[in-house]
Amino acid sequence: MKTRKGYQVYPLTVAQKFHIFYQINCPKKQVVNIGTSVTIETELDIEVLRQSIYKAYERCESMRLRLTEDKEGNWYQYVVKKEEREIEYVDFSGKTMEEAESQMRRWTEVPFDRHDAPLNRIVIIKTPDGFKGVYLLADHITMDAQSIICFFKDVIELYCSTMYENIPYPKDMASYIEQLKKDLAYEAGCKAKDRDIDFFHKLIDASEPIYNGVEGPGKLEAARRETNNPNTRAAINVSTSVDSAIDTFHLEEEPTRRLMGFCEQYHVSLTCLLLMGLRTYLQKVNGNDDVSINSAIARRATLKEKKCGGTRIHSFPFRTIISEDKTFLEGIYEIRDRQNEMFRHANYDPVDYFAYRRKVYPDSSTGRTYESIALTYQPMSLQDKELEQLGDIRYKTKWYPNGAIMEALYLTVMHRVEDNGLDFNFEHQVNEYSKEKLEYFYYYLCRIMFKGTENPNLKIGDIMKLV
């Protein structure tokens, strides 16, 4: 297939194929939906906002993405020239906030028809508290969290540049197609790809990981009983139902600033600190120095990658073996070094990673895994130096569950637009975790991170005893 409706078509990338793969295996097809909203505490000109959204569509190729399928079931993608769909306006005045959010959750649970059809939906909204803004529903195959935030920023800046004298017109977005061609050239084969394969195969070949449960070793012990093998190292980590919910816990601005200050002082990312906190908690409740966590890599190192839209996330198990005798800071640095190493090879296909691991360690080919939790940290936020000129206008952001998740537990940590504090969003299978269990987990995760950042030369074993 060379063209579709007059547009050049391209194969899907590895990141996109991953979303197709797990959607096929999920009974609820909305599993790939991302629903979110941004609202502002100020009067908005609805027509100017609508035109700003159309202009943002023009500037962002991945928001105009279409998929098509050939007779063999292979998917392709192309970008249409223009979006001319009507952008709805829904006024929730007279409703409660709960009723408004319930409606947006229902919108988020409706899967897209992927055949030559739009893969996002935008609704201009007015919420019961008087805030106005935009609800956006996107198929994960076309957008990830960073590209959604980038699109929202563009809409806001376009609107503000029209309405306010001191706000400049935003700089252009980057080309999605240009970046897509680079990704497809890599995937077709090159020396960099060969190096990446070699790196990950050696990592897998080194030794078998071990499962560490969020609630302790119970699932691993069950797997050992079922297999009648006391040396089994993988466990079942999902329930029979993919029904999901999101429970969010808020870390205030001041303690968030302390964590960010530590990261700045010691030249590490917040992802490193979060991984250290998570692995130390799992180390404490399971008694293993060997801990693996699924960690997402955004693959947006360059400005063009940051602003090209699309979905670029690759997720790999992040395994560390850190003794209790090491200090918290030594553990952080070990994580940083390993992360930097993985970043250099992050274009590797995660589906191939897991296929190779199942081949090397057959225990993980029977629905069992070594990871009990996945982590994404989203450093990008709507706070922008240009928009600071607007003064104290308040923003709100909200993420809505789509009702389905293939993993038992996925933690997304993001900055709140209101105060730059951190939100810990635990998306989870409802049959696996209750809000009370996750609150307990969050409480101890924070205790570990604060105890470690306040006493970086304290040994990990001592921190585990103190918390």
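The pair Lys219-Glu432 meets the salt-bridge criterion, since a charged nitrogen lies less than 4.0 angstrom from a carboxylate oxygen.
Under 3.5 Å, the side chains of Thr232 and Thr227 contain a donor-acceptor pair of N or O atoms. A donor-acceptor pair shorter than 3.5 Å can be found between the side chains of Asn288 and Asn212. Under the 3.5 Å distance criterion, with hydrogens and angles disregarded, no donor-acceptor pair is assigned to the side chains of Arg299 and Thr311.
With sequence neighbours left out, Tyr440 forms a side chain to side chain donor-acceptor pair (under 3.5 Å) with no residue at all. In this structure, Thr36 has no side chain to side chain donor-acceptor pair (under 3.5 Å) partners at least two apart in sequence or on a different chain. Residues forming a side chain to side chain contact (heavy atoms under 4.5 Å, CB included) with Pro350 (at least two apart in sequence, or on another chain): Val14, His314, Phe316.
Summarising the geometry of Asp363 relative to Ala234, their closest heavy-atom pair is O-CB, 4.2 Å, with the distance given to 0.1 Å.
Residues His115 and Trp75 place their aromatic rings such that the two centres sit under 6.0 Å apart. Residues Phe249 and Phe424 place their aromatic rings such that the two centres sit no closer than 6.0 Å. Annotation: Tyr281 is in aromatic contact with Phe441 [ring centroid separation under 6.0 Å]. Ring to ring, Tyr353 and His201 are not that close: their centroids are 6.0 angstrom or more apart.
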